[in-house]
Amino acid sequence: MTEATTRNDAGWLSGEEMDAARERLPILYVDAVPVRVDDQGVVIAVGLLLRAGSDGLVKRALVSGRVLYHERVRAALLRHLEKDLGPLALPRVPPAPQPFTIAEYFPTPGVTPFHDPRQHAVSLAYVVPVEGDCAPQQDALELTWFTPAEVREPTLLAELANGQSHLLLQALAHLGV
């Protein structure tokens, strides 16, 4: 999970406030697995981002980010999809989205398959079909589309950080692909 911002409005905490909150509270996130579907609704491609992490390593990642105070989950999903995939991605998020799973990221490795050294975070995970033109934005270096078979390859799964490979496999199982 990566997210950097310089905004300081009613929905954002300052850097110091966020650090203090991360030390005391689980933080709510959304994770999204962007997919392309054919005319019958069958998943034909899965989009993965390429990001440079705070450790300097380049890793694959899902669309991910915090839910702001007083922000609906659907709005957070749309905001993060636009932030990472661009304003022309045209995500199809239903009016009342339902997560396919909930992931708990812990600062201590090994508690769950998910790890975030900064915090304890709870993430609602969604599969989101996108229909438009996607182009990586902000801190996303690249967006690559893979077939469902390709994303199951151990070498590709190893490129995902913080346990997101487990989330991706859960999404594929949920979709039956």
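The shown structure was predicted, so the numbers you read here are calculated from the model rather than taken from an experiment. In this chain, numbering begins with 1 at the start of the sequence shown.
Between L168 and L48, the closest side-chain pair of non-hydrogen atoms falls below 4.5 Å. Side-chain atoms of K59 and N162, non-hydrogen and from C-beta on, never get closer than 4.5 Å to each other. A heavy-atom distance below 4.5 Å is found between the side chains of P107 and H120. Residues V127 and V46 have side chains not in contact (no heavy-atom distance under 4.5 Å, counting atoms from C-beta outward). Using a 4.5 Å heavy-atom threshold, the side chains of L50 and T144 count as separate. Within the 4.5 Å cutoff, no side-chain heavy atoms of R36 are placed close to those of V43. Within the 4.5 Å cutoff, side-chain heavy atoms of Y126 are placed close to those of V73. Here the side chains of L78 and P91 are in contact, with some heavy-atom distance below 4.5 Å.
Residues V37 and F146 share a single hydrophobic cluster, defined by chaining ILVMFWY side chains whose heavy atoms lie under 4.5 Å apart. Under the 4.5 Å side-chain heavy-atom criterion for ILVMFWY residues, a single connected hydrophobic cluster contains both V35 and L156.
With rounding to the nearest 0.5 Å, the separation of CG in L157 from CD in E150 is 12.0 Å. Rounded to the nearest 0.5 angstrom, L160 CG and R51 CZ are separated by 11.5 Å. In this structure, the separation between CD on E82 and CD on Q138 is 9.5 Å, given to the nearest 0.5 Å. From I44, atom CD1 reaches atom OG1 of T147 across 10.5 Å, with rounding to the nearest 0.5 Å. Taken to the nearest 0.5 Å, the CG atom of L90 stands 11.0 Å off from the CG atom of L81.
Listed by chain and number, the residues in a ring-ring contact (aromatic ring centres under 6.0 Å, His included) with H174 are F100 (sequence neighbours excluded). Not counting sequence neighbours, E153 has no partner by the salt bridge (Lys or Arg N to Asp or Glu O under 4.0 Å) test.
For the pair H80 (side chain) and R66 (backbone), a donor-acceptor distance under 3.5 Å is present. Without hydrogens or angle criteria, R74 side chain to P94 main chain gives a donor-acceptor distance under 3.5 Å. With hydrogens and angles disregarded, a donor-acceptor distance shorter than 3.5 Å links the side chain of T112 to the backbone of F114. At distances below 3.5 Å, not a single donor-acceptor pair connects side-chain atoms of E131 with backbone N or O atoms of P129.
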query: Step by step, would you call V122 with E104 a side chain to side chain contact (heavy atoms under 4.5 Å, CB included)?
result: CA-CA 5 Å; V122 177; E104 281 190 277; 4.3 Å; yes
message: Assess the residue pair D139 and D84 against the criterion (side chain to side chain contact (heavy atoms under 4.5 Å, CB included)); give the C-alpha distance rounded to whole Å, side-chain angles, the decisive distance to 0.1 Å, and a yes or no.
response: CA-CA 8 Å; D139 67 344; D84 287 340; 4.1 Å; yes
Verdict with reasoning, E159 to Q164, per side chain to side chain contact (heavy atoms under 4.5 Å, CB included): CA-CA 9 Å; E159 292 180 30; Q164 286 190 338; over 6 Å; no
field: Derivation of the side chain to side chain contact (heavy atoms under 4.5 Å, CB included) call for R118 and Y105
entry: CA-CA 10 Å; R118 304 169 300 167; Y105 292 81; over 6 Å; no
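For the side chain to side chain contact (heavy atoms under 4.5 Å, CB included) with V67, the qualifying choice from I27, L77, L28 is L28, the only one to do so.
When every heavy atom of W145 is checked against every heavy atom of P34, the shortest pair comes out as CZ3-O, 3.7 Å. Contact detail for Q40 and D38: the closest heavy-atom pair is N-OD1, 2.9 Å. Between L172 and P148, the closest heavy-atom pair is CD1-O, 4.1 Å. Scanning both residues, L62 and A32, for their nearest heavy atoms gives CB-O, 3.6 Å.
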